[in-house]
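Following: one structure in structure tokens, then a few remarks.
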Amino acid sequence: MRIKQMDGSIYDSRANENLRATVAEQAATIDYLAMMADIDIPAEDKNEMGGVDDE
């Protein structure tokens, strides 16, 4: 089992978790709408756009 030490408050942790869930839900909705409209959305690499890989 992996245990992660908390960096901030529980409130901030939950807010960040909810934000990530909202973004994932929006991405799924966009993918679904693109599929239904027969639109090809190119996949982008997070590192290519200046993002940081958390893993």
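Along the sequence shown, the residues carry numbers beginning at 1.
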Please identify each residue that fulfils side chain to side chain donor-acceptor pair (under 3.5 Å) with D12, with sequence neighbours left out.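 With sequence neighbours excluded, D12 shows a side chain to side chain donor-acceptor pair (under 3.5 Å) to S9, given in chain and number order.
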Can you give me every donor-acceptor pair (side chain of residues 21-36, partner residue at least two apart or in another chain, under 3.5 Å) with its distance?
| unit_1 | atom_1 | unit_2 | atom_2 | d |
| --- | --- | --- | --- | --- |
| T22 | OG1 | N18 | O | 2.9 |
| T29 | OG1 | E25 | O | 3.0 |

Could you check whether atom CD1 of I10 has more than 12 heavy atoms from other residues, nucleotides or ligands sitting under 6.0 Å from it?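 Check fails, neighbour count at 12 or below.
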**Item:** Cationic N near anionic O, under 4.0 Å, R14 to E17
**Value:**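 A salt bridge links R14 with E17.
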* Side-chain hydrophobic cluster, 4.5 Å single linkage: members besides Y11 ->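 Reading the cluster by chain and number, Y11 sits alone, since nothing else belongs.
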